[in-house]
Trainee: 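Before anything else, here's the structure in question.
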Amino acid sequence: MNEIVRVEKLTKRYGDLIAVDGLSFEVREGEIFGFLGPNGAGKTTTLNILTTLADFDKGCVTIAGYDLGKNAREIKALIGLVPQEIALYSELTAEENVSFFASLYGLKGRVLKHAVQDALEFVGLGGDAKKRKGKMSGGMQRRLNIACGIAHGPKLIVMDEPTVGVDARSREHIMNSIRTLRERGATIIYTSHYMPEVQDIADRIAIIDKGRLVAVGTENELLEYVTDFRTIELDVSSRDGSALRASAQTLGALPGVRRSVYSEASGMIRVDVDLNISDITPVLRPILESGIRVSGVRTEAPDLETTFLALTGGALNEEVNL
Ligand code: ATP
């Protein structure tokens, strides 16, 4: 896959504070790239630089082959920004808001009209075109905020916490819209404080902390930073105790199984399997075939939250007390 964004040794200072500190990463064309980090990690600053809203001190950024230092104008035309703060006019209707933003990108006349209608329908506000922003619920405003960022058909869409404060239904709608945008060929950079959301939607995730890249990869690649196996616990019983021990031994010899132990005290077989084994049927089959009764199965795997804590030493949702 070709890269659409390349960030090399990016640095941004605010006085003595280094908000972005030698950050390097790339975003591949057509992917949903998750951007995770605790408060103050430098996410918004980085996104503002990519979208030409903020300048930077050192480093090199190229977007679709254009150098941000020299071709900011060309880059601006390729990008759609959905900002963290809802940036809409209360007195304007949904239609007028989208129209205003799309016209900033040079859309006019019938093309503009169609683009506005499309964007509103896309976010599920087709029937609310004439409603003023001030009369809309929080979730509707969030969706309108997205429509304003995508109406001009950008190749790269940057979303900074697009689901803050929305209910489950609007969240689901937004998540599905993002997937559709990707299917239509856009690349999406997605920031959220809500870890399950990023886990669910992103193809690859970058974890940043204190302005630096801590890790980048698919969810599984990130989990492998912390551990490379997960444990399956089976609650088992049989009239023949030796059958349980023998089964545990059989499981231990299966490919991808690290260790398999039967504990009489807990009535449990614990099997450690490689993290990349997603189908556990081969582990269950020998047990079931030997007539052993299985009354419970649990799998314990490290999750992204655990990985995040291990890599950054702090929780994602940690509130900063001012
Ligand atoms: P959050 O998740 O809380 O939005 P973030 O990861 O987006 O955090 P940034 O907003 O990029 O982090 O901030 C990075 C650091 O730069 C923080 O310490 C912040 O206080 C500081 N900072 C951001 N904008 C400015 C500014 N305009 N002037 C001075 N310092 C700033």
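From a predicted model like this one, the values you see are computed outputs, not experimental measurements. All values below were derived from every heavy atom in this structure, side-chain atoms included, with hydrogens, water molecules and symmetry-related copies excluded. Order of listing sets the numbers, starting from 1, for every ligand and every atom in it.
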Trainee: How far is atom 12 (O) of ligand 1 from its nearest protein heavy atom, and which residue and atom is that?
Mentor: G42 N, 3.2 Å
Trainee: Quick one: does G37 get within less than 4.0 Å of ligand 1, heavy atoms only?
Mentor: no
Trainee: If you scan the protein for heavy atoms around atom 20 (O) of ligand 1, do you find one that is closer than 4.0 Å?
Mentor: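 False for atom 20 (O) of ligand 1.
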Trainee: Would you tell me which option among K43, K210, R13 has the nearest heavy-atom contact to atom 6 (O) of ligand 1?
Mentor: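 Nearest option to atom 6 (O) of ligand 1, by heavy atoms: K43.
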Trainee: For ligand 1, which atoms, with element, lie under 4.0 Å from some heavy atom of A41?
Mentor: 5 (P), 6 (O), 12 (O)
Trainee: Please check this pair: side chain of R204 against backbone of V216, looking for a donor-acceptor N/O pair closer than 3.5 Å.
Mentor: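 Not at all, since once roles are kept as given, no pair shorter than 3.5 Å links the two residues.
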Trainee: If you measure every N/O of T46 against every N/O of ligand 1, is any gap under 3.5 Å?
Mentor: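 Among all N and O atoms of T46, none is under 3.5 Å from an N or O of ligand 1.
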Trainee: For S238 and D240, test the side chains for any donor-to-acceptor distance below 3.5 angstrom and give the result as yes or no.
Mentor: no
Trainee: Counting from 1, what ligand 1 atoms have a heavy atom of T44 closer than 4.0 Å?
Mentor: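 Contacts of ligand 1 toward T44, numbered from 1: 4 (O), 5 (P), 7 (O), 10 (O), 11 (O).
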Trainee: Taking the side chain as every heavy atom from C-beta outward, state whether M159 and I146 have any pair of such atoms under 4.5 Å apart.
Mentor: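 M159 reaches I146 side chain to side chain.
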Trainee: So which protein heavy atom does atom 23 (C) of ligand 1 come closest to, and at what separation?
Mentor: Y14 CE1, 3.5 Å
Trainee: Give the residue and atom name of whichever protein heavy atom lies nearest to atom 14 (C) of ligand 1, and the separation in Å to one decimal.
Mentor: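 Nearest protein contact, heavy atoms only, for atom 14 (C) of ligand 1 is G40 O, 3.4 Å.
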Trainee: Applying a heavy-atom cut-off of 4.0 Å, say which part of L17 lies close to ligand 1: side chain, backbone, both or neither.
Mentor: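 Just the side chain.
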Trainee: Starting from atom 13 (O) of ligand 1, which protein heavy atom do you reach first, and at what distance in Å?
Mentor: T45 OG1, 3.8 Å
Trainee: Are more than 12 heavy atoms, taken from residues, nucleotides or ligands other than Q249, located less than 6.0 Å from that residue's CD atom?
Mentor: no
Trainee: Measure from the side-chain N and O atoms of E31 to the backbone N and O of R28, and report whether any donor-acceptor pair falls under 3.5 Å.
Mentor: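 Present.
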Trainee: Do F25 and V198 share a hydrophobic cluster, counting only Ile, Leu, Val, Met, Phe, Trp and Tyr and linking them when any side-chain heavy atoms are less than 4.5 Å apart?
Mentor: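 No; tracing contacts between hydrophobic side chains, which count when under 4.5 Å, never links both residues.
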Trainee: For the pair D167 (side chain) and R169 (backbone), establish whether a donor and an acceptor sit closer than 3.5 Å, ignoring hydrogens and angles.
Mentor: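 Side chain of D167 to backbone of R169: a pair is present.
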Trainee: Is R293 atom CZ crowded by more than 12 heavy atoms from other residues, nucleotides or ligands, each under 6.0 Å away?
Mentor: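 Counting neighbours around CZ of R293, 12 or fewer heavy atoms of other residues, nucleotides or ligands fall under 6.0 Å, so no.
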Trainee: Using a 4.5 Å cut-off on heavy atoms from C-beta on, say whether the side chain of R143 contacts that of S170.
Mentor: yes
Trainee: Just need the protein heavy atom nearest to atom 3 (O) of ligand 1, so name the residue and atom and give the distance.
Mentor: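 Sorting protein heavy atoms by distance from atom 3 (O) of ligand 1 puts N39 ND2, 3.0 Å first.
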Trainee: What atoms of ligand 1 come closer than 4.0 angstrom to any heavy atom of P38?
Mentor: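 Those of ligand 1 that fall under 4.0 Å from P38 are 6 (O).
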